Structures are given as C-alpha cells and as structure tokens.
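To keep things clear, I will list the structure first and then write my remarks on it.
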Amino acid sequence: MGAPDFSADLYRDITEFAQGTPSWVHEVADVGTDAGLLLFAVLFVAGWWRARGLDARAMGLALLAPFAVVAAYLVSEVSKTFIEEERPCRAVAGAVHIAACPPEGDWSFPSNHATIAAASAAAIVVAWRAMAPLVLPLAALMAFSRVFVGVHYPHDVAVGFLVGVVVAPLVALVLVRVLVPLVEGLRGVAVGAVLLGARPVAVAGAGSPGVGGPVGGPGVAVPRAGVQPVGGAPVDEASVTMPDVMGGVTRRQGPLR
C-alpha cells in the first residue's frame, strides 16, 4: 500500500522542521514514546490501588485497562500484516529522520505506538476520569513524536490513535460486566480482600432523618404515632390500652382541676 500524497508531503514538512531543532529535542522525541508508556504502566498500578477503596465495577475497570490495551494493539498489529505499507523513512525520496529506520517487513500503517498510547490513555480515562487532562494530551504528543522522528506518516498515527481510543474503552466496558461478580466474590476471601480491597460496608443508620433519607430508613427504629417508649424500652402497640394512654396523658399534664 502506498501512502497518500498529502500525508507524504506533511511528513516531509514535519521531519525537515524536526531536523532544525536542537539535539536535545531529538533525544527527548526519540525516547519520549517509550518513557510515556512507562508512565502509563505506573498509572495502571495507581488506578488499581485507588480502586481498592471503590466498588467492584471501579476495580474491574482498573484491572481490565492493560488487557484493553493489548486488545487494541492486536487489532493494529493484525491490520499491519494485511496492509503492508512501507515505512516513510524508506519509501519517501530524500527522507530525513531522527530515529533509526525500522527494518524491512516492519510495516508502517497503522502506528502501533500511537495505538498503544491512545489505548492506554482511553482505558485510564474510563476507569479514572480525573486523569483525562493528563493522559490524553500525553498520548497525542507520543503519537505525534512518531512522525517527528521520521518513522511514521501522519495518517499512520492518526488511524492508530483512533484504533486505540475506540477499541480499548469498548473492550473494557463490555468485559467489566463479566468481571464485576468475580471481583465481588474474591473480595469475600482474605487474599482477595488484600489485593482487591474489602467489600464496601453499609453505614448504620443510613436513611435516618437529618441524614437525607426518609423517616424509618434502614437501621432506624421509628415508633408509631401515639406510642411512646416507656423507660427507654419500646412498647408493643397491641399491649397499650385506652386507660394506659389516658393515664399517661394525666401524668404528663398533671391532675385535672
């Protein structure tokens, strides 16, 4: 498969600009993709640790994040073997590139690095939405770096990024339905509670008046109207007779005059 002309032209513009940047920029761009993947791995671990204090679905999404990335990578890698697009550093006449050109047979379209970066970011966002402002721009920068160092066309990384942000969340959201019961079950045993966190404990008195719940909510005993506790102990409504009630009224109000 040959690259579109617009992508080849854009590739030349970006790589020629990259050649004019300082040498330290070259070094950062060359190692930046792999360093970014290590950061994503750290965030996977942090997401798992955070989910130990959350519900089973949150833990399931945290556990599935790496597997969702692998699924996206497989889609990208299998696509490469069918499309067989040559690398631009070999196919574009007079191409300049910062990184070493991959060997023949290591096809260009789509970009595996862009797919993995985007899939990692998307899987983290599904499990931990607050990380979106950090991981999504990082994934985009990592994808762009593959063009900057001269080993991919722009359309390679664009499609790879799209594969990552679509496949990884889809896999995570589908498989979490299966994983939630397993997480709940494992949290009931000692080892599972250590690795996955203990089951959430219901708060006693939740739903009581003043807490935002209805009167008579779980854990709250509310006596019926007209029946008052005697000596601090609940009174069976069926055992209260009219004289008892009248006597209680008399005692509370004093003797009638």
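Note that the structure is a prediction, hence the values are computed from the model and not measured. Just so you know, residue 1 is the first one in the sequence shown, and it goes up from there.
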| message | For residues Val157 and Leu162: do they belong to one hydrophobic cluster (side chain heavy atoms under 4.5 Å, members Ile, Leu, Val, Met, Phe, Trp, Tyr)? | response | no
| Transitively linked via ILVMFWY side-chain contacts under 4.5 Å: Leu179 with Leu195? | yes
| message | Contact between Val151 and Pro102 at the side-chain level, heavy atoms closer than 4.5 Å - yes or no? | response | yes
| Just by distance, do the side chain of His26 and the backbone of Val149 share a donor-acceptor pair under 3.5 Å? | no
| task | Could you tell me whether the side chain of Val167 reaches within less than 4.5 Å of the side chain of Tyr73, counting heavy atoms only? | result | no
| request: Say whether Val191 and Trp49 are linked into one hydrophobic cluster, either directly or through other cluster members, by side-chain heavy-atom distances under 4.5 angstrom. | output: yes
| message | So Phe161 and Thr115, do their side chains get closer than 4.5 Å, heavy atoms only? | response | no
| Do NZ/NE/NH1/NH2 and the carboxylate oxygens of Arg146 and Asp156 come within less than 4.0 Å? | no
| request: Drop me the distance from Phe148's CZ to Asp30's CG, to the nearest 0.5 angstrom. | output: 10.5 Å
| said: Hydrophobic clustering (ILVMFWY, side-chain heavy atoms < 4.5 Å, transitive) - are Met131 and Val165 grouped together? | reply: no
| message | Quick one, Met142 and Leu37 - any side-chain contact, counting heavy atoms below 4.5 Å? | response | yes
| Interatomic distance, Met59 atom CE to Glu184 atom CD [nearest 0.5 angstrom] | 12.5 Å
| message | Determine whether a donor-acceptor pair (N or O, by modelled atom type, separation under 3.5 Å) exists between the side chain of Thr81 and the backbone of Val78. | response | yes
| request: For Ala168 and Ala72, work out which heavy atoms get closest and say how close. | output: N-CB, 4.4 Å
| task | May I ask you to test the Ile14-Phe144 pair for a side-chain heavy-atom distance under 4.5 Å? | result | yes
| task | For side chain to side chain contact (heavy atoms under 4.5 Å, CB included), just list the numbers for Ser120 and Phe44, CA-CA rounded to whole Å, side-chain angles, deciding distance to a tenth of an Å, and then say yes or no. | result | CA-CA 9 Å; Ser120 299; Phe44 287 153; 4.0 Å; yes
| query | Heavy atoms, side chains only, cut-off 4.5 Å: are Ser111 and Ser76 in contact? | reply | no
| message | If we check side chain to side chain contact (heavy atoms under 4.5 Å, CB included) with Val75, which of these qualifies: Val163, Val171, Val166? | response | Val163
| message | Looking at every non-hydrogen atom in both residues, tell me the closest pair between Ala58 and Ala51 and how far apart they are. | response | O-CB, 3.8 Å
| field | Reported OH-to-CD distance for the pair Tyr11 and Glu16, which is rounded to 0.5 angstrom | value | 10.0 Å
| said: Between Phe17 and Thr21, is there a side-chain heavy-atom distance shorter than 4.5 Å? | reply: yes
| note | Between the CG atom in Leu43 and the CD1 atom in Ile124, the distance rounded to the nearest 0.5 Å is 4.5 Å
| remark: To the nearest 0.5 Å, atom CG of Leu134 lies from atom CH2 of Trp128 at 9.5 Å
| said: Using every non-hydrogen atom in the two residues, find where Leu61 and Ala172 come nearest and quote the distance to one decimal. | reply: CD2-O, 3.9 Å
| task | Kindly determine whether Leu10 and Tyr153 satisfy side chain to side chain contact (heavy atoms under 4.5 Å, CB included), including the steps that lead there. | result | CA-CA 8 Å; Leu10 187 55; Tyr153 292 105; over 6 Å; no
| field | Donor-acceptor under 3.5 Å (Lys80 side chain, Pro110 main chain) | value | yes
| query | How long is the gap from CZ on Phe82 to CD on Glu77, to the nearest 0.5 Å? | reply | 11.5 Å
| note | Note: Arg50 and Ala127 closest approach over all heavy atoms is NH1-O, 3.4 Å
| field | Non-hydrogen atoms of Ala18 and Ile98 that approach each other most closely | value | CB-CD1, 3.8 Å
| Using a distance-only test with no angle check, is there a side-chain donor-acceptor pair under 3.5 angstrom linking His97 and Thr15? | no
| query | Step by step, would you call Leu196 with Leu63 a side chain to side chain contact (heavy atoms under 4.5 Å, CB included)? | reply | CA-CA 9 Å; Leu196 306 178; Leu63 294 175; 3.9 Å; yes
| remark: Looking only at heavy atoms, the pair that brings Ala121 and Val135 closest together is CB-O, 3.5 Å
| message | With a 6.0 Å cut-off (strictly less than), is the heavy-atom count around CZ of Arg52, excluding the residue itself, greater than 12? | response | yes
| request: Say whether Glu85 and His155, considering side chains only, have a donor N or O and an acceptor N or O under 3.5 Å apart. | output: yes
| message | Are the side chains of Ile83 and Trp107 in contact, using a 4.5 Å heavy-atom criterion? | response | no
| message | Walk me through whether Glu104 and Arg87 qualify under side chain to side chain contact (heavy atoms under 4.5 Å, CB included). | response | CA-CA 8 Å; Glu104 292 187 20; Arg87 294 274 182 169; over 6 Å; no
| request: Would you kindly confirm whether Leu173 and Leu170 end up in one hydrophobic cluster when ILVMFWY residues are joined by side chain heavy atoms under 4.5 Å apart? | output: no
